[in-house]
2 protein chains.
Amino acid sequence: MPYRFTESVPYLLNRAGVAVAERFTRRLEDYDVSLPMYRVLAVLRQTGTHTLGELSAMVSVEMSTLSRLIGTMAKRNLVTRDRPQDNARIVLIDLTDDGREMADKLMPIATHFEDTLVSNLDAAQVETLKALLRQVNQQVEKL
Amino acid sequence: MPYRFTESVPYLLNRAGVAVAERFTRRLEDYDVSLPMYRVLAVLRQTGTHTLGELSAMVSVEMSTLSRLIGTMAKRNLVTRDRPQDNARIVLIDLTDDGREMADKLMPIATHFEDTLVSNLDAAQVETLKALLRQVNQQVEKL
DNA sequence: GCATATTGTTTGCGTTTGCAAATATTTCAT
DNA sequence: ATGAAATATTTGCAAACGCAAACAATATGC
């Protein structure tokens with residue numbers, strides 16, 4: 001079988017990713033939250049305090065970009081950045097109460113997206129999809 | 001089961017997509033070709049002439065961004081833009097010989113990525129993954 | 001304990017991006 | 001045939017981005 005770009009895994013991933021991101025971004029407009037901001041809120045809500053580096057890896061946002069993003073999120077009182085005195089080179093980022101409130105408010109949108117995206121699949125298929133995506137992710141290391 | 005952001009379909013899609021894109025971008029550096037440029041080359045190589053709008057939809061790049069990108073690609077003699085006299089509001093974009101040559105040169109990278117990404121899956125799993133990604137893509141309309 | 005390497009974050013800077021408005025052409029209704 | 005609506009592309013502009021360099025703190029080897 002010949003290689004067809006539009007059926008390649010990178011193409012399909014990008015296509016789906018961009019399409020979902022566009023729609024999600026539009027839905028977030030009412031809340032004055034960008035998609036990367038939402039991702040930060042969602043990760044912190046799920047797993048608590050993280051350093052900038054950890055957060056960067058988890059949300060797939062370049063560290064320099066994230067540094068600035070966290071800056072504006074801190075100004076908006078969505079997150080705090082703390083330099084612990086026992087290790088003053090790291091920055092610990094955490095949700096403020098406002099941040100948590102915002103994250104909670106956005107959850108219904110997220111669950112609606114999740115539900116809709118897989119609404120034509122059965123539970124087993126959904127698990128298969130996610131397992132395969134995780135495997136693709138692992139393979140990335142080998143590139 | 002509670003909603004876990006880091007296991008959601010949008011998160012997994014984005015994570016995989018960004019990771020693959022980063023690596024691909026690095027691999028393209030030697031050729032002075034950006035990832036969006038590569039995508040344009042690959043689509044044109046696979047399916048021939050397209051209008052800007054069609055191309056925009058196929059490569060998931062915003063039209064205004066693509067307009068400028070095609071501009072620089074034309075300057076670099078990778079593509080041509082033609083306004084047909086029978087319909088002067090569209091722009092038909094096509095590969096030049098240089099563009100095709102470049103596209104051909106990049107194909108081995110693309111196939112290497114494809115092969116590596118799915119190298120731990122069997123043929124049936126690969127088809128399942130792609131079918132599921134296409135289904136997710138379809139569901140996006142319903143968001 | 002001191003210089004050096006390593007780790008973690010921020011900043012400078014040019015490029016890319018996306019939205020909205022402007023522009024151009026074609027289509028449609030009357 | 002003419003004006004209004006629809007379609008297709010480009011441009012202005014401000015925000016976001018990524019790389020590389022700068023900066024800061026901790027860890028390591030001697």
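Convention: sequence-line order gives letters A, B, ...; per-chain numbering from 1. Side chains included, hydrogens not; waters and symmetry mates left out as well; all remaining heavy atoms used.
Shown here is A:D122, whose CG atom has more than 12 heavy atoms of other residues, nucleotides or ligands within 6.0 Å. Counting non-hydrogen atoms of other residues, nucleotides and ligands closer than 6.0 Å to CG of A:D30 gives a total above 12.
Rounding to whole angstrom units, CG of residue B:L69 and P of D:dC17 are separated by 18 Å. Between A:D32 atom CG and D:dA15 atom P the separation is 13 Å, expressed in whole Å. If you take CD1 of B:I70 and C1' of C:dT17, they are 15 Å apart, rounded to a whole angstrom. Rounded to an integer number of Å, the gap from B:M37 CE to C:dT15 P is 12 Å. The distance between atom CZ of A:R39 and atom P of D:dA16, rounded to the nearest whole Å, is 14 Å. Atom pair A:H50:NE2 and C:dT9:C1' shows a separation of 17 Å (rounding to whole Å applied). With rounding to whole Å, B:L66 atom CG is found 15 Å from D:dA8 atom P. Rounding to whole angstrom units, CG of residue B:L28 and C1' of D:dG18 are separated by 16 Å.
Between A:R68 and D:dA15 there is no side-chain N or O to OP1 or OP2 distance below 4.0 Å. One finds no side-chain N or O of B:S64 lying less than 4.0 angstrom from the OP1 or OP2 phosphate oxygen of D:dT10. For the OP1/OP2 pair of C:dT10 and a distance below 4.0 Å, the side-chain nitrogens and oxygens of A:S67 include at least one atom meeting the criterion. Note on A:R26: a side-chain N or O is less than 4.0 Å away from OP1 or OP2 of C:dC19.
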- Item | Residue pair B:F113, A:Y3: steps toward the ring-ring contact (aromatic ring centres under 6.0 Å, His included) verdict | CA-CA 11 Å; B:F113 266 64; A:Y3 177 82; over 10 Å; no
- Item | Full working for salt bridge (Lys or Arg N to Asp or Glu O under 4.0 Å) between A:E7 and A:R15 | CA-CA 11 Å; A:E7 271 140 52; A:R15 190 175 170 75; over 6 Å; no
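Contacts with DNA chain C (heavy atom under 4.0 Å) in residues 71-87 of chain A: A:R81, A:R83, listed by number.
Distances were taken from every side-chain heavy atom of A:A88 (C-beta onward) to each of C:dT17, C:dT10, D:dT26; the shortest belongs to D:dT26. For B:V91, whose side chain is taken as the heavy atoms from C-beta onward, the closest listed nucleotide among C:dT26, D:dG18, D:dT10 is D:dT10.
Residue contacts for A:T51: at a heavy-atom cut-off of 4.0 Å it reaches the sugar-phosphate backbone alone, with no base atom in range.
When each of A:E22 and A:L52 is assigned the nucleotide of DNA chain C with its nearest heavy atom, A:L52 is the one assigned upstream, toward the 5' end. Nearest-nucleotide positions on DNA chain D place B:E54 closer to the 5' end than the other of B:E54 and A:V61.
Distance check, rounded to the nearest 0.5 Å: OG1 of B:T72 to CZ of B:R68 gives 11.5 Å. The structure places CE of A:M63 at 12.0 Å from CD1 of A:I70, a figure rounded to the nearest 0.5 Å.
Checked against A:I93 for a side-chain contact (heavy atoms from CB on, under 4.5 Å), the options A:L66, A:V43, A:L52 give a single hit: A:L52.
A:V18 is not connected to B:L13 by any chain of hydrophobic side-chain contacts under 4.5 Å among Ile, Leu, Val, Met, Phe, Trp and Tyr, and they are in different clusters.
With hydrogens and angles ignored, a donor-acceptor pair closer than 3.5 Å exists between the side chain of B:R89 and the base of D:dT7.
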